[in-house]
Amino acid sequence: YYHHQQGAGNYAFIDSALTQPEHYWDGAGIRMRSADRRYEYNTVSKFENDTVYFTNAAMLDVTPGMGYYLDNIFTELDTAGEWYYDSSTSTIYCYSFSGTDPQQQITETGIYDYGILFQNGGSNCTIENLQFEKQNKDALHYADAVTNITIRFCRFLLQGETGIKLPGGASIATISNNTFQKIKGAAIIANQLTDASVFQNTIRLIGLIPGYGINTLQQGYGISLDNGTSVVISENVIDSTGNSAINLTGLHLLAEKNYCSYNVLHFNNQGGIYSYGYNADSVTIRSNIILHTEGSTEASINQEINTCGIFLDEETNHYFVISNSIAYATSFGITIYRGGTNHVISGNLVYGCGMGQLNFTEGSIEGSNASHLVTDNRLYAIHENVAIVNLNSDFENFIPAAFDSNYYFNPYDFFAYTNILNTSSGKEIQQFTLSQWQALHGGDAESKATFFFRNRYASTSISGSELIGNGTFTNNTDNWVND
């Protein structure tokens, strides 16, 4: 990536590292990271005085120092696998992997934007046992609201944007037993879905080329559901996605028995299963397996990864997070962010997450993260510098939940709770063993803690005899002399 030094609103940036002649980059494609959760693409309308001007206004103002790259310019065609299309002559130029003449090889390209485009209709329709491949945009695109649709036993491969897109809303819909693979944008995007089921789909290798796909916040998702009502997302396998495996907001939603692994490979501040509020209520996230939620700071000036197995972002209310198995998230297993209220976190197994197993963040509004119930969870840290329960607030005495009947484990440390108080002079960190927490706050009466305090550093080989007999006091006082 190049990294620009200065932004000019949402229409240009300055980068002195671009030493090519003026207008060299005119017409090139530009793909840039503009935020933790967003890449954008544009074209260069003009390059002069170290300044790159955009053809269209960017979604966000340019943040200095973020990364970008340029493509789609003939003079930069110098690496195997690259290609350039000259629309004026309808000619494709390819740099062959094998060094042979491209005209002697089979070359495939997308011609049509859509596999099937539904306009002014599409209701009462079943699509099954079809394969969609290499559409420039979407395999199935429903432009308007539809009802009573079924999409099953289909295969979606190598779309430029999305496998199935329902931007206009749908009711009584079933999307099941489909396979989605190697799609640049997202597998399934559905807005205002009602009385619907999305189940037993296999979704792999989605949104893995930064800067390509969809020029919106829905880039890289396995399944993205916005403003849904009474929707079930279940028994899907979602592996290797640039963004979250499942993004869901709405009312009376259920995400259960999904297998999510290696998600959020190119974004940050996200979750394997991610949800935010603003009209979200009564959502159940149950019995999912969520492994290796990664996060990425590539091309970003923010070098702190905040990526969680389950991330309930701002203003979520009345969620049930129950009986999920979460392991190896880069940051936290489960995060409840500011504005979250009345959640039940129960029966979850959280293991080996990099910063902590359960995290509550309140922020600058006192009481904005409160009234939760946390019971019967198994929270297992595997490093002495990793929290089990992490409480982060700008205010003292932040206790966002009633905690009880949980098991707290760490083989390398004694502390069950870490309390971070953000002050004008920095962070004040306090740590508490379970017994200290119980004595101080009176909760966790039936909770248990197991701390073996193993030493992760041990000798692998020893040469010579011990210089001090019984120096580790493993036996008794033999070999010691009393002067």
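Both backbone and side-chain heavy atoms feed into the values below; hydrogens, waters and symmetry mates do not. If you're wondering where the values come from, they're calculated on a predicted model, not measured in any experiment.
- Using a cut-off of 4.0 Å between Lys/Arg side-chain N and Asp/Glu carboxylate O, Lys134 and Glu108 are scored as salt-bridged.
- Across Tyr417, Tyr380, Phe432, a single residue satisfies ring pair (Phe, Tyr, Trp, His ring centres under 6.0 Å) together with Tyr408, and that is Tyr417.
- At a cut-off of 3.5 Å, with distance as the only test, a side-chain donor of Asn243 or Gln270 sits close to an acceptor on the other residue.
- For Gln219 (side chain) and Thr216 (main-chain N/O), no donor-acceptor pair under 3.5 Å exists by modelled atom type.
- Distance check, rounded to the nearest 0.5 Å: NE2 of His292 to CG of Asp239 gives 10.5 Å.
- Looking at Asp71 and Arg31, a side-chain N of the basic residue comes within less than 4.0 Å of a carboxylate O on the acidic one, giving a salt bridge.
- Residue Thr297 holds its OG1 atom at 4.0 Å from CD of Gln303, rounded to the nearest 0.5 Å.
- Ile305 contributes atom CD1, which lies 6.0 Å from atom CG of Asn268 (distance to the nearest 0.5 angstrom).
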*Going through the distances and angles, do Tyr412 and Asn410 end up as a side-chain contact (heavy atoms from CB on, under 4.5 Å)?*
CA-CA 5 Å; Tyr412 305 109; Asn410 190 336; 3.7 Å; yes
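- Among Asn302, Asn306, Asn269, the single residue meeting the side chain to side chain donor-acceptor pair (under 3.5 Å) criterion with Asp36 is Asn302.
- The 12-atom threshold is not exceeded at CD of Glu304, counting heavy atoms of other residues, nucleotides or ligands nearer than 6.0 Å.
- Using a 4.0 Å cut-off between a side-chain N of Lys or Arg and a carboxylate O of Asp or Glu, Asp394 and Arg338 do not qualify as a salt bridge.
- Atom OH of Tyr262 has 12 or fewer heavy atoms from other residues, nucleotides or ligands within 6.0 Å.
- The shortest non-hydrogen separation linking Ala58 to Met32 is CB-CE, 4.0 Å.
- For Asn359 (side chain) and Phe332 (main-chain N/O), no donor-acceptor pair under 3.5 Å exists by modelled atom type.
- Tested against Val389, the residues Leu379, Val374, Thr418 include a single side chain to side chain contact (heavy atoms under 4.5 Å, CB included) partner, Leu379.
- Taking all atoms of both residues into account, the shortest heavy-atom contact from Asn348 to Ile322 is OD1-C, 3.6 Å.
- Taking the charged nitrogens against the carboxylate oxygens, Lys137 and Glu161 have no contact shorter than 4.0 Å, which rules out a salt bridge.
- Annotation: Tyr93 is not in aromatic contact with Tyr85 [ring centroid separation under 6.0 Å not met].
- Put simply, the side chain of Asp15 gets close to the backbone of Ala17: a donor and an acceptor are under 3.5 Å apart.
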*asked:* I'd like to know whether Thr293 forms a side-chain contact (heavy atoms from CB on, under 4.5 Å) with Thr330, so could you lay out the CA-CA distance, the side-chain angles of the two residues, the decisive distance to 0.1 Å, and finally the verdict.
replied: CA-CA 6 Å; Thr293 310; Thr330 300; over 6 Å; no
_From CA spacing to verdict: side-chain contact (heavy atoms from CB on, under 4.5 Å), Leu391, Gln430_ = CA-CA 10 Å; Leu391 307 177; Gln430 290 182 298; over 6 Å; no
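- Side-chain atoms of Asn324 come within 3.5 Å of backbone atoms of Ser287 as a donor-acceptor pair (strictly under, hydrogens ignored).
- The environment of CZ in Phe395 is crowded: more than 12 heavy-atom neighbours from other residues, nucleotides or ligands sit within 6.0 Å.
- Between the side chain of Gln135 and the main chain of Glu133, a donor-acceptor pair closer than 3.5 Å is present.
- Taking the ring centroids of Tyr328 and Tyr351, they lie under the 6.0 Å cut-off.
- Side chain of Asp26 to main chain of Tyr24: no donor-acceptor pair is present (N/O by atom type, distance under 3.5 Å, no hydrogens or angles).
- Of the N and O atoms on the side chains of Gln200 and Asn236, not one donor lies less than 3.5 Å from an acceptor on the other residue.
- When all heavy atoms of Leu166 and Ala170 are compared, the closest pair comes out as CD2-CB, 4.2 Å.
- When Asn342, Thr249, Asn317 are each tested for a side chain to side chain donor-acceptor pair (under 3.5 Å) with Asp281, only one passes: Asn317.
- Among the candidates Ile233, Leu312, Leu254, the single residue satisfying the side chain to side chain contact (heavy atoms under 4.5 Å, CB included) test with Ile285 is Leu312.
- More than 12 heavy atoms of other residues, nucleotides or ligands sit less than 6.0 Å from atom CZ of Phe320.
- For the pair Thr162 (side chain) and Lys165 (backbone), a donor-acceptor distance under 3.5 Å is absent.
- Using cut-offs of 30° and 60° for the angle between ring planes, the Phe47 and Trp25 rings count as perpendicular.
- Between Tyr142 and Phe118, the ring center distance clears the sub-6.0 Å criterion.
- For the residue pair Ser16/Asp50, the side-chain donor-acceptor check at 3.5 Å is not satisfied.
- For the 3.5 Å distance criterion, the side chains of Asp86 and Ser88 qualify, holding a donor opposite an acceptor.
- Separation of atoms CG (Leu251) and NE2 (His318) is listed at 12.0 Å; rounding is to 0.5 Å.
- Between the CD atom of Glu48 and the CD atom of Glu22 there is a distance of 5.5 Å, given to the nearest 0.5 Å.
- Of all the heavy atoms in Gln192 and Gly168, the pair that sits closest is OE1-O, 4.4 Å.
- A pairwise comparison of heavy atoms in Asn215 and Glu40 identifies OD1-CA, 3.2 Å as the closest pair.
- Residues Phe13 and Tyr68 bring their aromatic ring centres within 6.0 Å.
- Ring geometry, Phe156 versus Phe132: the interplanar angle falls under 30°, so the pair is classed parallel (tilted spans 30 to 60°).
- Counting non-hydrogen atoms of other residues, nucleotides and ligands closer than 6.0 Å to CD1 of Ile365 gives a total of 12 or fewer.
- Side-chain contact, Thr43 with Thr55: a donor N or O sits under 3.5 Å from an acceptor N or O.
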*Can Val52 and Ile30 be said to form a side-chain contact (heavy atoms from CB on, under 4.5 Å), step by step?*
CA-CA 9 Å; Val52 173; Ile30 180 167; 4.0 Å; yes
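- Side-chain contact, Asp313 with Tyr274: a donor N or O sits under 3.5 Å from an acceptor N or O.
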_Let's go through Tyr39 and His266 carefully: what are the C-alpha distance in whole Å and the side-chain angles of both, what is the deciding distance for ring-ring contact (aromatic ring centres under 6.0 Å, His included) to 0.1 Å, and is it a yes or a no?_
CA-CA 9 Å; Tyr39 280 87; His266 288 299; 7.3 Å; no
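- In this structure, a donor-acceptor pair under 3.5 Å is absent between the side chains of Arg33 and Tyr69.
- No donor-acceptor contact under 3.5 angstrom links the side chains of Ser234 and Glu256, judged on distance only.
- Side-chain N/O atoms of Ser230 and His252 include no donor and acceptor closer than 3.5 Å.
- Proximity of the aromatic rings of Tyr319 and His343 is defined here by a centroid distance below 6.0 angstrom, and this criterion is met.
- Taking OG1 of Thr335 as the reference point, atom CZ of Phe360 lies at 9.0 Å (rounded to 0.5 Å).
- Summarising the geometry of Gly295 relative to Thr307, their closest heavy-atom pair is CA-OG1, 3.2 Å, with the distance given to 0.1 Å.
- Gln159 contributes a side-chain N or O that, together with a main-chain N or O of Leu157, makes up a donor-acceptor pair within less than 3.5 Å.
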